[in-house]
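Remember, predicted model here, so these are calculated numbers, not experimental data. As a basis for the values below, the full set of heavy atoms in this structure was taken, side chains included, without hydrogen atoms, waters or symmetry mates.
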Amino acid sequence: MIALVDCNNFFVSCERVLHPELEGKPVVVLSNNDGCVVARSQEAKALGIPMGIPYFKVARKLREEVLIALSNNHAFYHDVSQRIMALIHDQVEQQEVYSIDECFLRLPRSGDFKPFARTLRAEILQKIGVPVSIGIASTKTLAKVAVYYAKHYAGYQGVAAIETEEQRAKALAKLPIEEVWGIGRRRWAQLKANGVTTAADLLALPIGLVQRLLSVTGSRTYRELEGVEALPFAEVTPRQSVFSSRSLEVETADMAKLEACITLFLGHCCRKLRHENLYAQELSIYLSTNRFHPKDPQHHELIARHLNTPPADPR
DNA sequence: TATTGAAGGACTA
DNA sequence: ATCATTAGTCCTTCAATA
């Protein structure tokens with residue numbers, strides 16, 4: 001069996017560890033340049049604040065003190081994440097850290113998993129102060145489904161399991177297709193056009209059609225929803241690339257400014273590489289115009305160079 | 001004909 | 001009218017190369 005531990009509103013929960021007075025209040029955390037909302041507390045979601053909304057659109061609510069906005073403190077969130085992951089790691093055979101706020105756990109084939117999950121959840125809350133939701137099922141994708149129920153129905157108290165065929169059928173019949181892991185905007189539209197609105201509807205399609213419509217990844221999702229593992233469980237996921245990028249505050253065509261940015265970002269990437277003892281095989285640089293102004297002339301360019309001898313120094 | 005590489009895109013948190 | 005993240009993975013397509 002597989003469990004998924006998913007931190008609730010992670011960035012906001014981290015801020016609440018430092019500022020307990022934010023508990024119960026509508027809080028959002030902003031992106032790097034305070035450009036848009038990247039995390040929302042339950043209360044902020046209830047106010048109808050969408051994910052990714054630009055700062056200026058919530059500015060009025062902030063002035064009226066209906067909503068609290070915080071700048072993001074990524075180094076701290078990273079630290080909290082590492083403490084949570086380490087705490088969990090000590091209690092399971094296998095752990096795959098999937099993102100800053102989620103990890104998959106490999107559990108024995110059979111057993112009574114819910115008491116374990118409830119205890120783990122309580123321990124993370126008590127020792128670190130971050131509330132988590134835990135989903136248990138036979139595949140990663142079904143564990144995601146279970147987490148969806150753990151988060152959306154208070155009755156589950158943060159822990160939901162799909163352990164029987166009846167539970168699986170019921171969970172999938174009620175799950176909107178767009179909530180399925182791996183179904184994004186594009187695939188949602190394609191499925192809707194084929195009359196699919198729930199996860200159960202997807203399984204009712206012939207696999208051939210799913211293969212044609214959604215290709216390799218879609219077929220994997222299909223099998224995973226059936227309860228057959230189609231995604232690898234990877235304890236170590238070697239990093240493939242490091243990145244550094246920013247949206248510039250003002251548009252510029254000034255080559256000197258762009259060069260300065262690129263030098264800065266390159267230095268940042270090199271620091272990351274050194275920190276993790278990695279070597280670069282390829283260097284790519286991209287530049288993009290503001291794609292949110294579609295009427296302006298657009299230009300998107302990526303250049304890539306293979307590096308024969310991995311450079312030891314950014315200069 | 002099979003493999004490789006670049007470009008582009010979908011998706012995720 | 002404003003603003004509009006950042007970092008990452010994997011897959012597909014198509015053309016060039018062996």
Side-chain angles (χ1 to χ4, degrees), chain A residues 4-14 28-40 49-60 62-63 69 71-75 77-78 81 96-104 133 140-141 144 147-148 151 177-191 211-221 230-232 234 236-251 261 265 268-269 272-273 276 278 281-286 288-296 298 300-306:
Chain A
L4 172 63
V5 183
D6 191 339
C7 300
N8 298 349
N9 318 320
F10 185 56
F11 293 176
V12 170
S13 297
C14 289
V28 297
V29 174
L30 303 169
S31 64
N32 252 341
N33 302 325
D34 289 350
C36 64
V37 168
V38 296
R40 306 156 294 156
I49 311 284
M51 187 64 165
I53 188 175
Y55 179 84
F56 85 93
K57 286 193 177 176
V58 296
R60 206 163 78 108
L62 299 178
R63 276 199 308 276
S71 291
N72 129 350
N73 181 359
H74 204 82
Y77 309 151
H78 186 73
S81 170
E96 176 182 339
V97 177
Y98 176 71
S99 73
I100 192 162
D101 75 333
E102 281 175 61
C103 66
F104 290 102
S133 301
K140 285 182 168 183
T141 308
K144 282 261 185 195
V147 157
Y148 172 86
K151 285 194 175 191
I177 188 65
E178 68 272 23
E179 300 293 340
V180 173
W181 193 35
I183 305 296
R185 268 225 317 266
R186 179 75 187 273
R187 286 176 183 170
W188 182 19
Q190 275 183 299
L191 289 171
Q211 186 125 204
R212 198 156 50 75
L213 237 43
L214 312 179
S215 87
V216 185
T217 41
S219 320
R220 279 184 202 144
T221 300
L231 297 171
V236 283
T237 49
R239 183 202 276 288
Q240 305 294 313
S241 59
V242 300
F243 252 82
S244 173
S245 69
R246 287 288 178 282
S247 292
L248 273 38
E249 269 169 43
V250 288
E251 284 183 89
C261 285
F265 297 162
H268 189 205
C269 286
K272 279 197 213 171
L273 289 174
E276 297 181 37
L278 298 168
Q281 217 174 10
E282 187 184 282
L283 169 67
S284 38
I285 296 173
Y286 69 85
S288 258
T289 47
N290 189 341
R291 67 184 200 288
F292 294 100
H293 292 162
K295 284 177 186 161
D296 289 354
Q298 293 287 311
H300 308 277
E301 190 168 342
L302 174 95
I303 56 169
R305 290 287 178 276
H306 184 82

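- Among the atoms of the strands shown, none is found under 4.0 Å from any heavy atom of A:T237.
- The ring pair (Phe, Tyr, Trp, His ring centres under 6.0 Å) search around A:F10 returns none, not counting sequence neighbours.
- Computed from coordinates, the A:H74 NE2 to B:dA13 P distance equals 15 Å when rounded to whole Å.
- Between chain A and DNA chain C, the heavy-atom contact criterion of under 4.0 Å yields a 5' to 3' nucleotide range of C:dT2 to C:dT12.
- A gap of 16 Å separates the C1' atoms of B:dC11 and C:dT5, to the nearest Å.
- Partners of A:W188 by ring pair (Phe, Tyr, Trp, His ring centres under 6.0 Å), not counting sequence neighbours: none found.
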Using a cut-off of under 3.5 Å, enumerate the N/O to N/O pairs linking the protein to nucleotides 2-10 of chain B.
{"unit_1": "B:dA10", "atom_1": "OP1", "unit_2": "A:R186", "atom_2": "NH1", "d": "2.4"}

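- Scanning for side-chain hydrogen bond (donor to acceptor under 3.5 Å, both in side chains) contacts around A:R239 gives A:E276, with sequence neighbours left out.
- With rounding to whole Å, A:K151 atom NZ is found 9 Å from B:dA13 atom P.
- Scanning for side-chain contact (heavy atoms from CB on, under 4.5 Å) contacts around A:L62 gives A:Y55, A:V58, A:L67, A:A69, with sequence neighbours left out.
- Ring geometry, A:W181 versus A:Y98: the interplanar angle exceeds 60°, so the pair is classed perpendicular (tilted spans 30 to 60°).
- Nearest-nucleotide positions on DNA chain C place A:G52 closer to the 5' end than the other of A:G52 and A:R220.
- Listed by chain and residue number, A:R187 satisfy the side-chain hydrogen bond (donor to acceptor under 3.5 Å, both in side chains) test with A:T217 (two or more places apart in sequence, or in another chain).
- Mapping A:S215 and A:S31 onto DNA chain C by nearest heavy atom places A:S31 closer to the 5' end of the strand.
- Remark: A:S99 engages A:D101, A:E102 in a side-chain contact (heavy atoms from CB on, under 4.5 Å) (not counting sequence neighbours).
- Every residue two or more places apart in sequence or in another chain that forms a ring pair (Phe, Tyr, Trp, His ring centres under 6.0 Å) with A:Y77 is listed here: A:F11.
- To the nearest angstrom, P of B:dT12 lies 12 Å from CG of A:L231.
- Atom CG in A:D6 sits about 9 Å away from atom C1' in B:dA13, given to the nearest Å.
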